[in-house]
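As the structure is a computational prediction, the values presented were derived from the model and not from experiment.
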Amino acid sequence: MVVGGADGQGGHRGAAAKVNKALIYTHFGNKEQLFDAVMDTHVARVLDEVPFTPEDLPDYAGRLFDFLLANPHQLRLATWNRLERSGTDHEPQGLSASMRQKTDAIARAQTGGRLATAFAPEDLLAFTLALANAWLPTSPMTANDDAAQQAEQRRAAVVDAVRRLTLAADDDGEVAAHTS
């Protein structure tokens, strides 16, 4: 389902979907509540389709990159939510709990020796998510014409960057893969 943005094009979206605008708002209440419902659905989708693997953050970043590249509307919705809906009473269902669970899982993996401790769990998660988003079509670094051509190269760079974040330095300051 697509919803109107700041331009208030909800009526046009309803017509395109062959649904009566009044019926949509009877069910959802208003444009903001409709957007919140759509956002909840999309958050649940990404959480379901891209399982979090704290012991293999590079693979997770690659899978998240793939998902977001295949579903560019996900990132647009998330960006719109952060820009226009922050400070409201609504937070996408499951998002805070998911972020807490991911941070806790990283902390457990670090404590268990399965993941390097160079970064705090919150930082490592933030870096991983940011890198997975860095080369997507909404990024200012990506030209419209190069996204498809360079997707494999960009994905490999994302995975490698996250892999490097998960490496531990030894006593001599040399970086080596963290082993248990």
Nearest heavy-atom pair of [X] and [Y]: which atoms, and what distance?
X   : Y    : result
L57 : P54  : CG-O, 3.6 Å
A61 : A132 : O-CB, 3.7 Å
L47 : S98  : CD2-OG, 3.1 Å
P58 : T166 : CG-OG1, 4.4 Å

Nearest-0.5 Å distance that lies between atom [atom1] in [X] and atom [atom2] in [Y]:
X    : Y    : atom1 : atom2 : value
T117 : L124 : OG1   : CG    : 10.5 Å
I106 : Y60  : CD1   : OH    : 9.0 Å
L125 : L165 : CG    : CG    : 11.5 Å
N133 : F65  : CG    : CZ    : 10.0 Å
Q150 : W135 : CD    : CH2   : 8.0 Å

Restricting to side-chain contact (heavy atoms from CB on, under 4.5 Å), what partner residues turn up for [X], sequence neighbours left out?
X    : result
T111 : none
R45  : E49, F67, N71, H73, Q74
A120 : E122, D123
A161 : L131

* Asked: Mind checking what makes salt bridge (charged side-chain N to carboxylate O under 4.0 Å, His left out) contact with R163, not counting sequence neighbours?
  ->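 Salt bridge (charged side-chain N to carboxylate O under 4.0 Å, His left out) list for R163, sorted by chain: D160.
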* **Which residues share a salt bridge (charged side-chain N to carboxylate O under 4.0 Å, His left out) with D66, sequence neighbours left out** =>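 With neighbours one apart ignored, the set is R155.
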* To do: For residues 52-63, pull every pair meeting salt bridge (Lys or Arg N to Asp or Glu O under 4.0 Å), keeping only residues two or more places apart or in separate chains.
  =>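 Every pair satisfying salt bridge (Lys or Arg N to Asp or Glu O under 4.0 Å) with a residue in residues 52-63: E55-R114, D59-R63.
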* To do: Say whether L64 and V159 are linked into one hydrophobic cluster, either directly or through other cluster members, by side-chain heavy-atom distances under 4.5 angstrom.
  =>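 L64 and V159: separate clusters.
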* Pairs touching residues 99-130 that satisfy ring-ring contact (aromatic ring centres under 6.0 Å, His included), sequence neighbours left out ->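 Found F119-F127.
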